[in-house]
Amino acid sequence: MTTINEIMAAAAVRPTNFADYLNAFAAQVGDLVNSYLPTGTHPDMDRYLYTPLKEYSKNGGKRHRPLICFAGCLAVGGDVDRAMSAAAAIEHFHTAALIHDDIADEAELRRGEPCMHLTEGIGLAINAGDLALSLVNGTVVNDPRLDSDTKVRVIDELIRMTRHTIEGQALDIGWARDGRYDLKTEDYLTMATHKTAHYSGAVPLAVGAIVGGGAEPEIEGLRAYGLACGLAFQIQDDLLNLIGSEESTKKDFRNDITEGKRTLVVVHALQHSDQRDRLIEILSAKEKDPAVLAEAVAIMEASGSIQYARSYAEDLTEKAKARLVKEVRPSDARDLLASMADWFVHRFN
């Protein structure tokens, strides 16, 4: 099987910015990640479990989590092949989280395709998500390239990552269920950091540095950088859902309003808008009318909340980049990671 080292070495041009890095390697990394998915011992196991999961994982987007795991490994001078199982494990977790999240949110589309719970049914979708979760630690345990101490440390990272994400998801779902409109910015930041920032930034970078043999200050510097960038990623994701385009987001446009999500934009608007009552009415109604959804966005725009969220994410990443330069040795990989922050806050899908 082709390795990630071989894939990167074969690139005609070495990518120097994060967007090009994703475009150059996402498809091949997706194939490597999917090679870790098993098959069943009965044909119907494939029909009802393994094949739907593989098809879902093939529609895997930009694979930025495994790719930043590799960048974290390279940034400490490590052998990137040693990061492959950990990178695949994080992507398996991401797949499980999306399947379960779509069920909880009653979503319809994921990256332009019908959600698994609509094509396979809720029961089989839950089961497939459970399988993806079960593969997370096992993928690392079975890696012959990692010594036992490294495996234990990586698995500990993955376990804590899983707990953090589930804690954040509990806040996100619980606030919507209970009609909570008393939230502050700090509440949102806690939720988004737990739900997204650990597994979308901090842990991939830290794990990459761990398997790469990085020194503790480098590991923690990369973790802090990933945490800030992961939070900015979630804020930008929230913004795209409101003011992107339905075609560019390739998922239910403005469904965060329909689901009553307490995004940073919403929390700020609830504190500063003179149309607070109307915004609460819309958020509580599971509204799908495009005109009403546009009205809610206009309320958030008028309160300065969209610009507030955009500025918050940009400030977060600028400070994170300054810290990265101080705590991680100079290298092409460090420069690549610095450009990741800009991609996280300026991407359009």
With a cut-off of 6.0 Å (strictly less than), are more than 12 heavy atoms of other residues, nucleotides or ligands near CD of Glu106? no

Measuring only between side-chain heavy atoms, which start at C-beta, is Arg65 closer than 4.5 Å to Phe93? no

Should the pair Arg323-Glu327 be classified as a salt bridge under the 4.0 Å nitrogen-to-oxygen rule? yes

Pair Arg278 + Glu287, salt bridge at N-O below 4.0 Å: no

Assess whether a salt bridge exists between Asp46 and Lys54, defined as any Lys/Arg side-chain N lying under 4.0 Å from an Asp/Glu carboxylate O. no

Heavy-atom closest pair (Asp187 atom, Trp175 atom, distance to 0.1 Å) is O-CH2, 3.2 Å

Between the side chains of Thr150 and Asp147, does any donor sit under 3.5 Å from an acceptor? yes

Side-chain heavy-atom pair Lys261, Asp105 within 4.5 angstrom cut-off: yes

Output yes when Arg145 and Asp143 qualify as a salt bridge under the 4.0 Å nitrogen-oxygen rule, no when they do not. yes

Which class fits the ring pair Phe25 and Tyr21: parallel under 30°, tilted 30 to 60°, perpendicular over 60°? perpendicular

In the structure I gave you, are the side-chain heavy atoms of Thr3 and Met84 within less than 4.5 Å of one another anywhere? no

Linked, directly or transitively: Leu131 and Leu158 (ILVMFWY side chains, under 4.5 Å): no

Is the closest basic N to carboxylate O distance between Asp149 and Arg153 below 4.0 Å? no

For a 4.5 angstrom cut-off between non-hydrogen side-chain atoms, does Asp101 reach Arg110? yes

Aromatic ring centroids of His164 and Tyr199 under 6.0 Å? no

Electrostatic pair Lys288:Glu108 at N-O distance under 4.0 angstrom: yes

Are Arg223 and Leu227 packed together at the side-chain level, in the sense that at least one heavy-atom pair is separated by less than 4.5 angstrom? no

Around atom CD1 of Ile122, are there more than 12 heavy atoms from other residues, nucleotides or ligands closer than 6.0 Å? no

Quick one: pull up NE2 in His92 and OG in Ser57 and give me the separation to the nearest 0.5 Å. 7.0 Å

Beyond-backbone contact of Arg14 with Met8, side-chain heavy atoms, under 4.5 angstrom: yes

What pair of heavy atoms forms the shortest contact from Tyr181 to Ile280, and how long is it? CE1-CG2, 3.6 Å

A side-chain contact here means heavy atoms from C-beta on lying under 4.5 Å apart; do Ile7 and Leu32 qualify? yes

Val76 vs Arg329 side-chain heavy atoms within contact, under 4.5 Å: yes

With a 4.0 Å cut-off on N to O distance, would you call Asp237 and Arg347 a salt bridge? yes

Quick check for you: to the nearest 0.5 Å, what is the distance between Leu270 atom CG and Leu183 atom CG? 8.0 Å

Report the relative orientation of the aromatic rings in His64 and Phe18; use parallel for angles under 30°, tilted for 30 to 60°, perpendicular for over 60°. perpendicular

Nearest 0.5 Å please: distance from the OG1 atom of Thr95 over to the CG atom of Leu37. 7.5 Å

Residues, nucleotides or ligands: over 12 heavy atoms within 6.0 Å of Asn23 CG: yes

Are side-chain N/O atoms of Asn59 and Glu55 paired as donor and acceptor at under 3.5 Å? no

